[in-house]
Amino acid sequence: MKDELNFGEYIAAKRKSQGITLRGMAELLGIAPAYLSDIEKSRRYPPDIDKLLHIIEILKLTEDEKNEMFDLAGKGKNTISPDLPEYIMSSEAVRIALRKAKKVATEKDWEEFIKKLNEKGGK
Amino acid sequence: MTIYYRTNKNGLPYLRKADIEAISKHYISKFNANLLKEAQPTPIEELIENYFKLEMDYLDITKNKNILGLTTFDDGYIIVYNLENHKYKNVYEVKGTIVVDNLLLKNEQEGRFRFTLGHELSHWILHRTMFELNKQKSDVTAVKCLSRSLDNFSADKRPVTSIEKMEWQANYMSACLLLPMQTFTKITKKMFKEAGIKSDSLVVGEDNDLDMFSEYLPIKLADIFNVSARAASVRLRELKLITHIKHAEAMLIMFVIVHLSTIFLGNLGIFDLLGNFVFS
(Lines give C-alpha, C1' and ligand atoms only; values in the text may rest on other atoms or scores of the structure.)
Protein backbone atom coordinates (compact mmCIF):
# COMPACT_ATOMS: atom_id res chain seq x y z
CA MET A 1 0.00 0.00 0.00
CA LYS A 2 2.78 2.40 0.92
CA ASP A 3 4.53 1.81 -2.39
CA GLU A 4 1.60 3.34 -4.20
CA LEU A 5 1.93 6.66 -2.43
CA ASN A 6 3.94 9.45 -3.94
CA PHE A 7 6.36 11.54 -1.90
CA GLY A 8 3.82 14.16 -0.87
CA GLU A 9 1.23 11.60 0.15
CA TYR A 10 3.87 9.69 2.07
CA ILE A 11 5.05 12.53 4.26
CA ALA A 12 1.48 13.77 4.71
CA ALA A 13 0.44 10.32 5.93
CA LYS A 14 3.38 10.14 8.31
CA ARG A 15 2.69 13.51 9.85
CA LYS A 16 -1.04 12.84 10.16
CA SER A 17 -0.40 9.55 11.93
CA GLN A 18 1.34 11.60 14.59
CA GLY A 19 -1.40 14.20 14.81
CA ILE A 20 0.79 17.02 13.47
CA THR A 21 -1.18 19.67 11.59
CA LEU A 22 -0.13 20.98 8.19
CA ARG A 23 0.63 24.40 9.59
CA GLY A 24 2.39 22.87 12.57
CA MET A 25 4.66 20.82 10.32
CA ALA A 26 5.45 23.82 8.16
CA GLU A 27 6.39 25.80 11.22
CA LEU A 28 8.73 23.04 12.46
CA LEU A 29 10.36 22.94 9.05
CA GLY A 30 10.63 26.70 8.82
CA ILE A 31 8.72 26.94 5.57
CA ALA A 32 5.44 28.55 4.55
CA PRO A 33 2.33 26.38 5.01
CA ALA A 34 1.41 27.05 1.36
CA TYR A 35 4.78 25.64 0.27
CA LEU A 36 4.42 22.48 2.34
CA SER A 37 0.86 22.07 1.12
CA ASP A 38 2.09 22.29 -2.48
CA ILE A 39 4.70 19.61 -1.78
CA GLU A 40 2.23 17.28 -0.05
CA LYS A 41 -0.23 17.67 -2.89
CA SER A 42 2.49 17.16 -5.51
CA ARG A 43 2.09 20.59 -6.99
CA ARG A 44 5.78 21.12 -6.39
CA TYR A 45 8.75 18.78 -6.56
CA PRO A 46 10.02 17.18 -3.37
CA PRO A 47 12.47 19.44 -1.57
CA ASP A 48 16.26 19.11 -1.45
CA ILE A 49 18.35 16.92 0.86
CA ASP A 50 18.52 19.48 3.68
CA LYS A 51 14.76 19.70 4.05
CA LEU A 52 14.50 15.92 3.64
CA LEU A 53 16.86 15.39 6.54
CA HIS A 54 14.85 17.82 8.60
CA ILE A 55 11.65 15.95 7.77
CA ILE A 56 13.25 12.70 8.86
CA GLU A 57 14.21 14.29 12.16
CA ILE A 58 10.78 15.76 12.86
CA LEU A 59 8.83 12.67 11.89
CA LYS A 60 11.32 10.38 13.59
CA LEU A 61 11.38 8.03 10.63
CA THR A 62 12.86 4.57 11.02
CA GLU A 63 15.72 3.41 8.79
CA ASP A 64 13.31 1.70 6.40
CA GLU A 65 10.95 4.66 6.33
CA LYS A 66 13.88 6.97 5.66
CA ASN A 67 15.00 4.96 2.66
CA GLU A 68 11.48 4.71 1.37
CA MET A 69 11.10 8.46 1.63
CA PHE A 70 14.41 9.10 -0.17
CA ASP A 71 13.37 6.80 -2.99
CA LEU A 72 10.04 8.55 -3.32
CA ALA A 73 11.78 11.91 -3.29
CA GLY A 74 13.99 10.78 -6.13
CA LYS A 75 11.11 9.36 -8.13
CA GLY A 76 9.14 12.53 -7.58
CA LYS A 77 11.81 14.46 -9.44
CA ASN A 78 12.63 11.71 -11.94
CA THR A 79 16.09 11.48 -10.49
CA ILE A 80 18.23 9.41 -8.17
CA SER A 81 17.36 9.06 -4.48
CA PRO A 82 18.94 12.16 -2.88
CA ASP A 83 20.78 10.27 -0.17
CA LEU A 84 22.98 8.45 -2.67
CA PRO A 85 24.84 10.89 -4.89
CA GLU A 86 27.09 12.18 -2.12
CA TYR A 87 28.19 8.68 -1.22
CA ILE A 88 28.82 7.65 -4.80
CA MET A 89 30.95 10.68 -5.44
CA SER A 90 32.80 10.39 -2.14
CA SER A 91 34.90 7.40 -3.13
CA GLU A 92 36.45 6.22 -6.39
CA ALA A 93 36.16 2.60 -5.26
CA VAL A 94 32.41 2.92 -5.07
CA ARG A 95 32.24 4.22 -8.62
CA ILE A 96 34.62 1.57 -9.94
CA ALA A 97 32.53 -1.12 -8.24
CA LEU A 98 29.28 0.26 -9.56
CA ARG A 99 30.55 0.54 -13.12
CA LYS A 100 31.88 -3.00 -13.00
CA ALA A 101 28.67 -4.28 -11.47
CA LYS A 102 26.74 -2.54 -14.22
CA LYS A 103 28.58 -4.76 -16.70
CA VAL A 104 28.77 -8.13 -14.97
CA ALA A 105 26.88 -8.27 -11.66
CA THR A 106 23.74 -10.36 -11.32
CA GLU A 107 20.92 -9.90 -8.85
CA LYS A 108 22.34 -12.86 -6.92
CA ASP A 109 25.77 -11.24 -6.69
CA TRP A 110 24.17 -8.23 -5.09
CA GLU A 111 22.13 -10.34 -2.67
CA GLU A 112 25.32 -12.03 -1.54
CA PHE A 113 27.07 -8.71 -1.15
CA ILE A 114 24.16 -7.33 0.90
CA LYS A 115 24.29 -10.42 3.09
CA LYS A 116 27.97 -9.84 3.66
CA LEU A 117 27.35 -6.21 4.60
CA ASN A 118 24.58 -7.19 7.00
CA GLU A 119 26.93 -9.59 8.69
CA LYS A 120 29.26 -6.71 9.23
CA GLY A 121 26.65 -5.30 11.55
CA GLY A 122 25.95 -1.68 12.40
CA LYS A 123 23.14 0.40 10.98
CA MET B 1 -26.48 12.22 19.31
CA THR B 2 -29.37 12.95 16.99
CA ILE B 3 -30.80 16.35 16.47
CA TYR B 4 -33.95 16.30 14.42
CA TYR B 5 -34.34 19.34 12.27
CA ARG B 6 -36.42 20.34 9.34
CA THR B 7 -34.87 21.59 6.17
CA ASN B 8 -36.11 23.97 3.56
CA LYS B 9 -36.63 22.77 0.01
CA ASN B 10 -32.92 23.26 -0.76
CA GLY B 11 -31.79 21.13 2.13
CA LEU B 12 -30.70 24.03 4.32
CA PRO B 13 -31.36 22.94 7.90
CA TYR B 14 -33.60 24.97 10.18
CA LEU B 15 -31.45 25.28 13.25
CA ARG B 16 -32.03 27.26 16.37
CA LYS B 17 -29.14 28.65 18.34
CA ALA B 18 -29.68 25.98 20.98
CA ASP B 19 -29.35 23.25 18.32
CA ILE B 20 -26.07 24.68 17.11
CA GLU B 21 -24.81 24.96 20.69
CA ALA B 22 -25.67 21.32 21.27
CA ILE B 23 -23.99 20.08 18.09
CA SER B 24 -20.90 22.06 18.91
CA LYS B 25 -20.78 20.82 22.50
CA HIS B 26 -21.16 17.25 21.29
CA TYR B 27 -18.12 17.35 19.04
CA ILE B 28 -15.95 19.29 21.44
CA SER B 29 -16.61 16.93 24.28
CA LYS B 30 -15.90 13.93 22.06
CA PHE B 31 -12.64 15.47 20.95
CA ASN B 32 -11.46 16.53 24.38
CA ALA B 33 -13.84 16.71 27.31
CA ASN B 34 -11.47 18.98 29.20
CA LEU B 35 -12.31 21.77 26.76
CA LEU B 36 -15.71 22.02 28.42
CA LYS B 37 -14.24 22.18 31.90
CA GLU B 38 -11.27 24.53 31.72
CA ALA B 39 -11.24 27.77 29.77
CA GLN B 40 -8.57 27.48 27.06
CA PRO B 41 -8.15 28.01 23.32
CA THR B 42 -10.03 25.42 21.30
CA PRO B 43 -7.47 23.49 19.23
CA ILE B 44 -9.46 24.10 16.07
CA GLU B 45 -6.75 22.95 13.62
CA GLU B 46 -6.36 19.64 15.43
CA LEU B 47 -10.13 19.26 15.56
CA ILE B 48 -10.30 19.74 11.80
CA GLU B 49 -7.30 17.60 10.82
CA ASN B 50 -7.14 14.93 13.51
CA TYR B 51 -10.75 14.44 14.54
CA PHE B 52 -12.68 15.24 11.38
CA LYS B 53 -9.74 14.20 9.20
CA LEU B 54 -10.33 17.00 6.75
CA GLU B 55 -7.64 18.19 4.41
CA MET B 56 -6.16 21.68 4.80
CA ASP B 57 -4.79 23.88 2.07
CA TYR B 58 -3.33 27.36 2.09
CA LEU B 59 -3.54 29.38 -1.09
CA ASP B 60 -4.07 32.81 -2.47
CA ILE B 61 -7.70 32.33 -3.33
CA THR B 62 -8.49 35.68 -4.90
CA LYS B 63 -6.53 38.70 -6.06
CA ASN B 64 -8.31 41.18 -3.83
CA LYS B 65 -8.75 38.91 -0.81
CA ASN B 66 -12.51 38.98 -0.77
CA ILE B 67 -12.73 35.21 -0.31
CA LEU B 68 -10.87 34.13 2.81
CA GLY B 69 -12.01 30.54 3.14
CA LEU B 70 -13.75 27.75 1.32
CA THR B 71 -14.82 24.19 1.96
CA THR B 72 -15.10 21.51 -0.70
CA PHE B 73 -17.89 18.96 -0.61
CA ASP B 74 -16.68 16.92 -3.55
CA ASP B 75 -13.51 16.08 -5.45
CA GLY B 76 -12.93 18.66 -8.12
CA TYR B 77 -11.23 21.78 -9.36
CA ILE B 78 -11.58 25.17 -7.76
CA ILE B 79 -10.50 28.42 -9.36
CA VAL B 80 -7.88 30.34 -7.45
CA TYR B 81 -5.57 33.19 -8.23
CA ASN B 82 -1.86 32.78 -8.79
CA LEU B 83 -0.12 35.84 -7.38
CA GLU B 84 3.14 34.98 -9.12
CA ASN B 85 1.99 35.16 -12.71
CA HIS B 86 -1.19 37.18 -12.15
CA LYS B 87 -3.49 34.58 -13.61
CA TYR B 88 -6.37 32.54 -12.38
CA LYS B 89 -5.72 28.82 -12.29
CA ASN B 90 -7.48 25.57 -11.53
CA VAL B 91 -6.48 23.71 -8.43
CA TYR B 92 -7.58 20.18 -7.70
CA GLU B 93 -8.88 19.50 -4.20
CA VAL B 94 -10.31 16.35 -2.72
CA LYS B 95 -13.65 16.22 -1.00
CA GLY B 96 -13.52 17.57 2.52
CA THR B 97 -10.81 20.17 2.05
CA ILE B 98 -10.76 23.49 3.85
CA VAL B 99 -8.84 26.13 1.96
CA VAL B 100 -7.73 29.26 3.77
CA ASP B 101 -6.23 32.33 2.17
CA ASN B 102 -2.57 32.99 2.95
CA LEU B 103 -3.52 36.43 4.22
CA LEU B 104 -4.90 34.88 7.38
CA LEU B 105 -1.55 33.33 8.24
CA LYS B 106 -0.05 36.65 9.21
CA ASN B 107 0.62 37.03 12.91
CA GLU B 108 -1.93 39.73 13.60
CA GLN B 109 -4.67 37.76 11.83
CA GLU B 110 -4.67 34.82 14.21
CA GLY B 111 -8.11 35.50 15.70
CA ARG B 112 -9.61 35.87 12.26
CA PHE B 113 -7.75 32.79 11.07
CA ARG B 114 -9.13 30.63 13.85
CA PHE B 115 -12.61 32.00 13.38
CA THR B 116 -12.47 31.23 9.67
CA LEU B 117 -11.35 27.68 10.43
CA GLY B 118 -14.30 27.27 12.79
CA HIS B 119 -16.59 28.74 10.18
CA GLU B 120 -15.46 26.41 7.40
CA LEU B 121 -15.59 23.37 9.68
CA SER B 122 -19.14 24.35 10.56
CA HIS B 123 -20.10 24.35 6.88
CA TRP B 124 -18.75 20.81 6.64
CA ILE B 125 -20.69 19.66 9.67
CA LEU B 126 -23.96 21.47 8.98
CA HIS B 127 -24.20 21.80 5.21
CA ARG B 128 -22.52 18.92 3.42
CA THR B 129 -25.76 16.96 3.25
CA MET B 130 -27.34 19.92 1.52
CA PHE B 131 -24.58 19.94 -1.08
CA GLU B 132 -24.84 16.22 -1.59
CA LEU B 133 -28.56 16.54 -2.20
CA ASN B 134 -28.01 19.31 -4.75
CA LYS B 135 -25.24 17.46 -6.56
CA GLN B 136 -27.37 16.57 -9.56
CA LYS B 137 -28.80 20.02 -9.93
CA SER B 138 -25.60 22.00 -9.85
CA ASP B 139 -21.90 21.41 -10.34
CA VAL B 140 -21.00 23.56 -7.38
CA THR B 141 -18.58 21.54 -5.33
CA ALA B 142 -17.58 24.07 -2.74
CA VAL B 143 -18.86 26.86 -0.58
CA LYS B 144 -16.76 30.01 -0.83
CA CYS B 145 -16.96 32.45 2.03
CA LEU B 146 -16.73 36.16 1.42
CA SER B 147 -14.69 38.09 3.91
CA ARG B 148 -17.67 40.35 4.55
CA SER B 149 -19.75 37.33 5.61
CA LEU B 150 -17.01 36.13 7.90
CA ASP B 151 -16.57 39.54 9.49
CA ASN B 152 -20.27 40.18 9.87
CA PHE B 153 -20.97 37.99 12.81
CA SER B 154 -23.07 40.27 14.91
CA ALA B 155 -26.69 39.32 15.40
CA ASP B 156 -27.97 42.73 14.40
CA LYS B 157 -28.89 41.89 10.83
CA ARG B 158 -31.29 39.03 10.32
CA PRO B 159 -30.34 36.62 7.52
CA VAL B 160 -32.89 36.36 4.73
CA THR B 161 -31.55 34.42 1.76
CA SER B 162 -30.43 30.78 1.99
CA ILE B 163 -26.82 31.84 1.60
CA GLU B 164 -27.13 34.45 4.34
CA LYS B 165 -28.71 31.83 6.61
CA MET B 166 -25.97 29.36 5.81
CA GLU B 167 -23.29 31.91 6.59
CA TRP B 168 -25.10 32.94 9.77
CA GLN B 169 -25.21 29.30 10.92
CA ALA B 170 -21.52 28.82 10.20
CA ASN B 171 -20.64 32.02 12.04
CA TYR B 172 -22.73 31.09 15.04
CA MET B 173 -21.26 27.62 15.22
CA SER B 174 -17.73 28.93 14.88
CA ALA B 175 -18.36 31.03 17.97
CA CYS B 176 -19.74 27.98 19.78
CA LEU B 177 -16.67 25.94 18.89
CA LEU B 178 -14.09 28.56 19.76
CA LEU B 179 -15.90 29.98 22.79
CA PRO B 180 -17.72 26.98 24.29
CA MET B 181 -20.69 28.19 26.25
CA GLN B 182 -19.85 26.19 29.37
CA THR B 183 -16.35 27.50 29.95
CA PHE B 184 -16.97 30.93 28.47
CA THR B 185 -19.89 31.58 30.80
CA LYS B 186 -18.11 30.11 33.78
CA ILE B 187 -15.01 32.22 33.43
CA THR B 188 -16.98 35.38 32.64
CA LYS B 189 -19.06 34.98 35.77
CA LYS B 190 -15.88 34.38 37.73
CA MET B 191 -14.51 37.65 36.39
CA PHE B 192 -17.77 39.40 37.27
CA LYS B 193 -17.48 38.13 40.80
CA GLU B 194 -13.87 39.25 41.08
CA ALA B 195 -14.94 42.69 39.88
CA GLY B 196 -17.68 42.80 42.48
CA ILE B 197 -20.54 42.48 40.01
CA LYS B 198 -23.38 40.69 41.72
CA SER B 199 -25.70 39.89 38.82
CA ASP B 200 -25.26 37.28 36.09
CA SER B 201 -25.39 39.93 33.46
CA LEU B 202 -23.67 43.25 33.04
CA VAL B 203 -25.75 46.15 31.78
CA VAL B 204 -23.77 48.68 29.81
CA GLY B 205 -24.75 52.33 29.83
CA GLU B 206 -25.54 52.74 33.48
CA ASP B 207 -22.24 53.17 35.22
CA ASN B 208 -18.89 54.45 34.01
CA ASP B 209 -16.79 51.93 35.90
CA LEU B 210 -18.89 49.04 34.68
CA ASP B 211 -18.70 50.38 31.14
CA MET B 212 -14.94 50.43 31.35
CA PHE B 213 -14.94 46.90 32.67
CA SER B 214 -17.17 45.86 29.80
CA GLU B 215 -14.56 47.12 27.35
CA TYR B 216 -11.76 45.31 29.10
CA LEU B 217 -13.66 42.04 29.47
CA PRO B 218 -13.68 40.95 25.79
CA ILE B 219 -9.97 41.67 25.49
CA LYS B 220 -9.18 39.46 28.47
CA LEU B 221 -11.46 36.71 27.19
CA ALA B 222 -9.96 36.99 23.70
CA ASP B 223 -6.60 36.33 25.25
CA ILE B 224 -7.74 33.27 27.18
CA PHE B 225 -9.49 31.67 24.22
CA ASN B 226 -7.19 33.02 21.49
CA VAL B 227 -9.88 34.71 19.43
CA SER B 228 -10.42 38.30 18.37
CA ALA B 229 -11.80 40.75 20.92
CA ARG B 230 -14.69 41.32 18.58
CA ALA B 231 -15.63 37.63 18.57
CA ALA B 232 -15.53 37.59 22.37
CA SER B 233 -17.60 40.73 22.51
CA VAL B 234 -20.28 39.33 20.22
CA ARG B 235 -20.39 36.10 22.20
CA LEU B 236 -20.89 38.03 25.44
CA ARG B 237 -23.93 39.69 23.93
CA GLU B 238 -25.25 36.49 22.38
CA LEU B 239 -25.12 34.72 25.72
CA LYS B 240 -26.72 37.74 27.39
CA LEU B 241 -23.76 38.17 29.70
CA ILE B 242 -23.63 41.77 28.60
CA THR B 243 -26.63 43.83 27.60
CA HIS B 244 -26.70 47.36 26.37
CA ILE B 245 -29.21 49.58 28.07
CA LYS B 246 -30.85 50.63 24.82
CA HIS B 247 -31.28 46.97 23.92
CA ALA B 248 -32.56 46.18 27.41
CA GLU B 249 -35.16 48.91 27.08
CA ALA B 250 -36.19 47.65 23.65
CA MET B 251 -36.59 44.15 25.00
CA LEU B 252 -38.77 45.46 27.79
CA ILE B 253 -40.96 47.37 25.35
CA MET B 254 -41.29 44.28 23.14
CA PHE B 255 -42.28 42.25 26.15
CA VAL B 256 -44.97 44.74 27.10
CA ILE B 257 -46.34 44.86 23.53
CA VAL B 258 -46.50 41.09 23.37
CA HIS B 259 -48.25 40.97 26.70
CA LEU B 260 -50.78 43.61 25.72
CA SER B 261 -51.47 41.94 22.36
CA THR B 262 -52.24 38.65 24.02
CA ILE B 263 -54.75 40.37 26.24
CA PHE B 264 -56.50 42.21 23.38
CA LEU B 265 -55.97 39.83 20.47
CA GLY B 266 -56.03 36.47 22.15
CA ASN B 267 -53.54 33.88 20.99
CA LEU B 268 -53.50 35.08 17.40
CA GLY B 269 -49.94 35.53 16.18
CA ILE B 270 -48.36 35.25 19.62
CA PHE B 271 -46.00 32.48 18.64
CA ASP B 272 -44.82 34.28 15.53
CA LEU B 273 -43.99 37.27 17.63
CA LEU B 274 -42.20 35.17 20.21
CA GLY B 275 -40.26 33.43 17.44
CA ASN B 276 -38.99 36.81 16.27
CA PHE B 277 -38.04 37.86 19.73
CA VAL B 278 -35.99 34.81 20.50
CA PHE B 279 -34.03 35.10 17.30
CA SER B 280 -32.95 38.69 17.81
Side-chain angles (χ1 to χ4, degrees), chain A residues 1-48 50-62 65 68-69 72-73 75-78, chain B residues 31-32 41-62 65 68-70 72 75-78 80-85 87 89-107 109-110 112-114 116-118 120-121 226:
Chain A
M1 181 60 190
K2 260 190 216 150
D3 290 340
E4 295 168 35
L5 297 178
N6 60 39
F7 175 81
E9 288 165 341
Y10 187 79
I11 60 166
K14 288 287 173 227
R15 97 169 144 77
K16 285 172 191 176
S17 71
Q18 294 179 40
I20 303 174
T21 64
L22 175 60
R23 198 175 66 116
M25 184 78 188
E27 202 167 335
L28 291 169
L29 282 172
I31 61 180
Y35 181 46
L36 180 61
S37 189
D38 280 349
I39 292 171
E40 285 191 359
K41 295 170 173 73
S42 299
R43 297 177 196 144
R44 281 188 197 265
Y45 288 130
D48 290 335
D50 303 312
K51 280 282 165 273
L52 293 175
L53 292 171
H54 203 173
I55 290 171
I56 290 166
E57 201 190 310
I58 294 168
L59 296 177
K60 302 186 183 55
L61 299 182
T62 65
E65 288 169 336
E68 195 165 359
M69 193 208 71
L72 289 173
K75 284 194 195 129
K77 287 201 262 201
N78 287 318
Chain B
F31 177 66
N32 177 358
T42 299
I44 188 76
E45 281 176 79
E46 284 81 354
L47 186 62
I48 289 170
E49 298 192 51
N50 301 342
Y51 184 82
F52 284 93
K53 307 242 185 280
L54 300 183
E55 197 62 52
M56 282 299 311
D57 201 358
Y58 298 98
L59 294 170
D60 298 308
I61 302 176
T62 55
K65 307 295 175 187
L68 293 180
L70 66 87
T72 67
D75 297 342
Y77 286 90
I78 55 170
V80 299
Y81 188 75
N82 185 339
L83 279 180
E84 281 165 16
N85 63 12
K87 282 195 195 141
K89 62 178 182 180
N90 280 326
V91 169
Y92 185 78
E93 303 283 11
V94 299
K95 175 178 176 176
T97 300
I98 291 178
V99 183
V100 169
D101 192 282
N102 281 318
L103 177 71
L104 292 179
L105 291 173
K106 295 192 202 277
N107 280 333
Q109 300 284 334
E110 190 164 8
R112 232 172 152 204
F113 170 57
R114 285 166 54 74
T116 303
L117 288 177
E120 298 305 325
L121 174 62
N226 195 4

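Each chain gets a letter, A, B and so on, in the order the sequences are listed, and its residues count up from 1.
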Which atoms of [X] come close to chain A, meaning under 4.5 Å heavy atom to heavy atom: side chain ones, backbone ones, both, or neither?
X: B:Phe113; value: side chain
X: B:Glu49; value: side chain
X: B:Asn102; value: side chain
X: B:Val91; value: side chain

- Query: Minimum heavy-atom separation for B:Leu105 to A:Pro33, with atom names?
  - Reply: CD1-CG, 3.7 Å

- Task: Taking all heavy atoms of A:Ala34 and all of B:Tyr58, pick out the closest pair and write down the distance.
- Result: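 So the two residues come closest at CB-O, 3.4 Å.
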
- Query: side-chain contact (heavy atoms from CB on, under 4.5 Å) between A:Arg23 and B:Glu45: does it pass, once the steps are laid out?
  - Reply: CA-CA 9 Å; A:Arg23 198 175 66 116; B:Glu45 281 176 79; 2.7 Å; yes

Heavy-atom neighbours of [X] [atom1] exceed 12 at 6.0 Å:
X: A:Tyr35; atom1: OH; value: yes
X: B:Tyr92; atom1: OH; value: yes
X: A:Gln18; atom1: CD; value: yes

- Message: For the OG1 atom of A:Thr21 and the CG atom of B:Leu47, what is their distance to the nearest 0.5 Å?
- Response: 12.5 Å

